[in-house]
Amino acid sequence: MAHPLPIPGRSFIGGEWHAREDFTSLNPANLSEVVGTFPAATPAEVSAAVEAARAAFPGWRRTSRILRAEAFDRLAQLIKRDTDALATLMARECGKNVTECRAEVVEGLHMVQYVFGTGRTGVYGEVVASEIAEKDAFTRRKPWGVVAVVTPWNFPFAVPLWMLGPSLLEGNTCVFKPSEETPAIALKLVELFAQAGFPAGTVNLVHGRGDVGEALVKNPGVNVVCFTGSYAVGERIQQVSATIPNRIVAAEMGGKNAVIVCDDARFDLAVNAGILSAFKTTGQRCVSASRIIVHESLVERYAKAFVDTAKRLQFGDPLDAKNFAGPLVNRKGVEKVLSYNALAKSEGVEVLLAPDGPPDAKGCFLTPFVYRTEAKPSLRVTHEEVFGPHVALIPFKTDEEAAAIYNDTEYGLSMAVITESYRRMRFFRDECEYGMGYVNLPSIGAEVHLPFGGVKKSGNGHPSAAALVEAVTHKTAWTVNHGTDIKMAQGLTTAIDGGPA
């Protein structure tokens, strides 16, 4: 079958499109297929995008919040119209199976619908009691200004909408810098924003690699940086931003997530939860579980069932809905996972399943690597993020030990516990360090109206999705005196020049 013609890539600055061919986006399932050619933003173009957003901010901020929300209703209708085309493009560009891609488009749609709904019903201020009866006191949320949205390749449609949606609804304007691995789906998303009638400058798009992101983050005209990606990049963003006044960073970073399987678990559910957590999206989610912590009474049986199931998984053409998952995103990802597979062997683990033969020569396919090991603080493979189909089975004796094993990483993003005991559910809820927890579910499967973020190296206390409103606005106090004289709180005297109050 002939490849579709490459998409001519464009940037979008101040309502104007700019085309250039500086780098290519390839199909990771078939590296001979060019998905599109795109312009890498120059420093001047990054500055122009920030200036365009800054110029658009006053008018957008003054637009009725309800009218801003109605623009998202128009966007929702366009996403519904293009769902299948968006899913197909995403599958070609990032290698995720088309069924997952369609679910991601729907997740992005849900974020847009959530934003539209909160335009009329969301709380963006409160009436607060005052000590003085004649006073009305209010808190109000105000937008910061310009938001830089820097997003990953593994969720190239939904994650940008988690950030763009709340930012724009609250009156901010945005500069969107997507991953260089998925510029095509980002372009289509911004085209939909333009078709929906968002004013020029409210959404700007710049493409490129790390140097473009660096230039955007260093620009003092950016008030908020919303980032999802690796800890190393998130750390750099926070270091740069610490030197810039009037700057907030909302960062969701890596994970070393786990599923805890208790001795009272429903066995088939536990196996399926582990498989989905470890291998959906070929293990390339920040919430993927690369550790399955299993009670020692079940570990032999669980290991056999888990490996038998993993062997049956089909990793193939992401456009074939019958396949469980597709390739890794690029050769660099394949090399990284293979290096961790080799490291696991050198660290003395018991290998239960390994890929057969050399990696695929035409694409970036890689099958599961599964091993068993005792919990050891010295093992790098059970502490470092791998981002691929690489998973450890780790036995435990007590709930306290399971929680300690789970917590023994520098990350704290997602966890799941499989148990029928409500007391255990509560124990793990309270004792594990995470941002998102699940019971009798995989460690994946976020919903947009819940916070998405983590602790330790996984996040900085500003979750994404619905909770992002806390980062892209700041609270102000507004107090009005309805009396004809001045009365102060805390009994403070209002006397002037020493006279009586």
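Computed over heavy atoms, backbone and side chain alike; hydrogens, waters and symmetry mates excluded.
Across all their heavy atoms, Ala148 and Val222 have their closest contact at CB-CG1, 3.7 Å. In terms of heavy atoms, Phe157 sits closest to Leu189 at CE1-CD1, 3.7 Å. Of all heavy-atom pairs spanning Val259 and Ala273, the tightest one is CG2-O, 4.4 Å. In terms of heavy-atom proximity, Leu298 sits nearest to Cys262 at CD1-O, 3.3 Å. Residue Gln284 comes nearest to Val329 through the heavy atom pair OE1-N, 3.0 Å, listed as atom of the first residue, atom of the second, then distance. Between Leu413 and Gly255, the shortest heavy-atom distance links the atoms CB-CA, 4.2 Å.
No donor-acceptor distance shorter than 3.5 angstrom exists from the side chain of Glu107 to the backbone of Glu447, with no hydrogens or angles considered. A donor-acceptor pair is defined here as one N or O able to donate and one able to accept, closer than 3.5 Å; such a pair exists between the side chain of Asn172 and the backbone of Ser167. In this structure a side-chain-to-backbone donor-acceptor pair under 3.5 Å is present from Asn204 to Cys174. In terms of modelled atom types and a separation under 3.5 Å, the side chain of Thr182 and the main chain of Ile185 share no donor-acceptor contact. For the pair Asn246 (side chain) and Asn223 (backbone), a donor-acceptor distance under 3.5 Å is absent. At distances below 3.5 Å, not a single donor-acceptor pair connects side-chain atoms of Asp408 with backbone N or O atoms of Ala375. For Thr282 (side chain) and Gly326 (main-chain N/O), a donor-acceptor pair under 3.5 Å exists by modelled atom type. Panel note: side chain Ser179, backbone Pro152; no donor-acceptor pair is recorded below 3.5 Å. Listed for the His462 side chain is no donor-acceptor partner under 3.5 Å among the backbone atoms of Ala251. Counting only distance, with no hydrogens or angles, the side chain of Ser443 and the backbone of Ala258 share no donor-acceptor pair below 3.5 Å.
The pair Glu170-Arg141 fails the salt-bridge criterion, with no side-chain N (NZ, NE, NH1 or NH2) lying under 4.0 Å from an Asp/Glu carboxylate O. For the pair Asp211 and Arg209, the salt-bridge criterion is not met [side-chain N within less than 4.0 Å of a carboxylate O]. Salt bridge Arg372/Glu300: present, at least one basic N to carboxylate O contact under 4.0 Å. Salt-bridge annotation for Asp308 and Arg312: absent, with no side-chain N of the basic residue lying under 4.0 Å from a carboxylate O of the acidic one. A salt bridge is defined here as a Lys NZ or Arg NE, NH1 or NH2 lying under 4.0 Å from an Asp or Glu carboxylate O, and Lys397 with Glu401 fails to meet this definition.
For the salt bridge (Lys or Arg N to Asp or Glu O under 4.0 Å) condition, the pairs that include at least one residue of residues 450-460, sequence neighbours left out, are Glu410-Lys457, Glu433-Lys456. Within the structure, every pair that satisfies the salt bridge (Lys or Arg N to Asp or Glu O under 4.0 Å) test and touches residues 411-430, not counting sequence neighbours, is listed here: Asp263-Arg424, Asp264-Arg424, Arg266-Glu420, Asp399-Arg424. Residue pairs satisfying the ring pair (Phe, Tyr, Trp, His ring centres under 6.0 Å) criterion with at least one member in residues 204-228, sequence neighbours excluded, are listed as follows: Phe38-His207. Applying the salt bridge (Lys or Arg N to Asp or Glu O under 4.0 Å) test to every pair with at least one member in residues 235-262, sequence neighbours left out, gives these pairs: Glu214-Arg236.
The closest side-chain heavy-atom distance from Leu31 to Lys362 is not below 4.5 Å. In this structure the side chain of Ser230 never reaches within 4.5 angstrom of the side chain of Phe387, judged on heavy atoms.
Side chain to side chain, Glu100 and Thr281 meet the donor-acceptor criterion of an N or O pair below 3.5 Å. Counting only N and O atoms by type, the side chains of Asn27 and Glu93 include no donor and acceptor under 3.5 Å apart.
Rounding to the nearest 0.5 angstrom, the gap separating the CD1 atom in Ile418 from the CD1 atom in Ile293 is 12.0 Å. A distance of 12.5 Å separates CG in Leu109 from CZ in Phe72, rounded to the nearest 0.5 Å.
Among residues two or more places apart in sequence or in another chain, the side chain to side chain donor-acceptor pair (under 3.5 Å) test is passed with Asn97 by Thr99. Evaluation of the ring pair (Phe, Tyr, Trp, His ring centres under 6.0 Å) rule for Phe306 yields Phe279, Tyr302 as partners, not counting sequence neighbours.
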Practice task
Evaluate the side chain to side chain donor-acceptor pair (under 3.5 Å) criterion for residues Glu384 and Tyr340: first the C-alpha distance (whole Å), next the side-chain angles of each, then the deciding distance (0.1 Å), finally the verdict.
Solution key: CA-CA 9 Å; Glu384 298 176 10; Tyr340 273 99; 2.5 Å; yes
Practice task
List the steps, then state whether side chain to side chain contact (heavy atoms under 4.5 Å, CB included) holds for Thr373 with Glu350.
Solution key: CA-CA 6 Å; Thr373 181; Glu350 179 188 356; over 6 Å; no
Practice task
Assess whether side chain to side chain contact (heavy atoms under 4.5 Å, CB included) is satisfied between Lys475 and Arg140, documenting all intermediate values.
Solution key: CA-CA 6 Å; Lys475 288 183 177 179; Arg140 297 182 71 249; over 6 Å; no
Exercise for the section: Run the numbers on Phe369 and Tyr371 for ring pair (Phe, Tyr, Trp, His ring centres under 6.0 Å), then give the verdict. Expected result: CA-CA 7 Å; Phe369 183 84; Tyr371 58 98; 5.7 Å; yes
Problem - side chain to side chain contact (heavy atoms under 4.5 Å, CB included) between Leu319 and Thr88, worked out - result: CA-CA 7 Å; Leu319 293 175; Thr88 299; 3.9 Å; yes
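Within a 6.0 Å radius of CD in Gln314, other residues, nucleotides and ligands contribute 12 heavy atoms or fewer. Crowding of Lys336 atom NZ: a count of heavy atoms from other residues, nucleotides or ligands under 6.0 Å exceeding 12.
Taking the ring axis of Phe267 as reference, the NZ or CZ atom of Arg301 stays within 45° of it and closer than 6.0 Å to the ring centre.
Ring geometry, Trp144 versus His474: the interplanar angle falls from 30° to 60°, so the pair is classed tilted.
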